[in-house]
Protein chains: 2
Amino acid sequence: MPREVREQQIIDVAIQVFAKRGYHAASVDEIAELAGISKPMVYLYLDSKEGLFLACLRREADRLMAAFQEAARDGGTPERRLHAALVAFFGFVAGSRDSWVVLHRQASELSEAIAAAVAEARRAVMAQVAGLVRHGIAEADGKVQLGDEDADFVAHALVGAADSLTDWMERHPNQSPEGIALRLMNMVWVGMSHVLEGETWAPSPVRGED
Amino acid sequence: MPREVREQQIIDVAIQVFAKRGYHAASVDEIAELAGISKPMVYLYLDSKEGLFLACLRREADRLMAAFQEAARDGGTPERRLHAALVAFFGFVAGSRDSWVVLHRQASELSEAIAAAVAEARRAVMAQVAGLVRHGIAEADGKVQLGDEDADFVAHALVGAADSLTDWMERHPNQSPEGIALRLMNMVWVGMSHVLEGETWAPSPVRGED
DNA sequence: ACCTTATCTTACTCCGTAGTAAGTTTACTC
DNA sequence: GAGTAAACTTACTACGGAGTAAGATAAGGT
């Protein structure tokens, strides 16, 4: 069995085990056994438990980012591309649940290097989304220019919402990624255009309009 | 030193250490030492490492929920109460960063009981928010009734957005909780009222596709 | 046939740390 | 001032699991 193939097999199994147990509770012994292999092979190919986890992380983060960026690159307005990117994201989560769990929120538990890798991946997504938001706004409303801070705020809110909606998705398996992305766009995008036109909400009781 | 006081001291220290290192990497030895006490005391009062963590979790989850619910209980329209609840939430995170880290991203790593406690707390918040959303919509627009599924969707998006915005907050320490809550309300609420009036967003067709 | 390199295994070592046994001091009661 | 209960300590044990040493097998290459 050639090394390349074995490595991918090991990573496949490791993703399942890490997703099921979490990084610390997962044991290399179990991963090796499920991969039909002995432990020293894992160490020969992936160096250490941390190296193994990083390999999982990198492979799946690349896959997600590739799907995301390919969707965002496809033609149309920035908002259309943002929508396509959301569809790609929800599609990825629906199709690779274990990968998403691994990528999801393990940063605080892990070593410096791993936490840095996770944070970097999230930062990249954030920048991508912030860019789409800024350009989308600029195109939709030529006059208003969104500051970097505002675009970043919106990006954080959007990414966080998408993230949390993966839970909702789990309880509504019949909902398509497209439908979820569409709902989210409706929640956010329609409002933003109106806010940019000056229609703001304030806690002081403003009644009678709407 | 009476037991009640010691317990709270231990929990205080434990929150810091759990926040800094994560559940597994945190050692009871370190917590005991920082609390100026020996390890068996921790076991005498809190039973086990898991018991210690659960005590931290419960104390801080109660504090957060209390602040949240008190804000949401105060008078005004549902949307006003939702806004107040968001302010309370961001205020809590700003004021008790370590507590938030502990409550925040540790669910996947932990034992059954702990994961269940975290999930339950999140579920409670979600239900609370979903209720506010549903009633807020009903009040703002008497005709449209939001289904439970939709209210839940919005609640997930809102809670996830708020969650993620705590990161943004960390990089913008001069921003007040009130300001952040206001921005988020503007992002979501204004749009929702328009969407309910039928102004939906849809991906504009691109020729040759779809 | 012999050497080398890649794949793979059994059978360990070693360490961190959760959890405990047994004992000590302080303080309060009767 | 003996009895006792709470607050507290030192000094262990136990064990899971990361990582490794040493060697087996198989497949070319010369």
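Letters A, B, ... are given to chains in the order of the sequence lines, protein chains preceding strands, and every chain is numbered from 1.
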Geometric cation-pi criterion, A:Arg63 with A:Phe92: 6.0 Å, 45°: no
Sugar-phosphate, base or nothing in reach of B:Met1, heavy atoms under 4.0 Å: sugar-phosphate
Donor-acceptor pair between B:His156 and A:Arg171 side chains, under 3.5 angstrom: yes
B:Gln175 CD to B:Glu170 CD distance, which is reported to the nearest 0.5 Å: 14.5 Å
Start and end of chain B contact along DNA chain C [non-hydrogen atoms, under 4.0 Å]: C:dA18 to C:dA21
Geometric class of the A:Phe18/A:Tyr23 ring pair [parallel <30°, tilted 30-60°, perpendicular >60°]: parallel
Length of the line joining A:Arg3:CZ and D:dA27:C1', which is rounded to integer Å: 18 Å
Distance test, side-chain N/O of B:Arg6 to OP1/OP2 of D:dC8, below 4.0 Å: yes
Cationic N near anionic O, under 4.0 Å, A:Arg122 to A:Asp163: yes
Sugar-phosphate, base or nothing in reach of B:Leu44, heavy atoms under 4.0 Å: nothing
B:Tyr45 side-chain N/O to D:dA6 phosphate OP1/OP2 under 4.0 Å: no
Ionic contact status for A:Asp150 with B:Arg183, cut-off 4.0 Å: yes
Nucleotides 14-20 of chain D: protein proximity per nucleotide (B base, S sugar-phosphate only, - neither; heavy atom, under 4.0 Å): ----BBB
Residues B:Asp12 and B:Arg59 bridged, charged N to O under 4.0 Å: yes
Qualifying side chain to side chain donor-acceptor pair (under 3.5 Å) pairs with a residue from residues 32-43 of chain B, counting only residues at least two apart or across chains: B:Asp29-B:Lys39
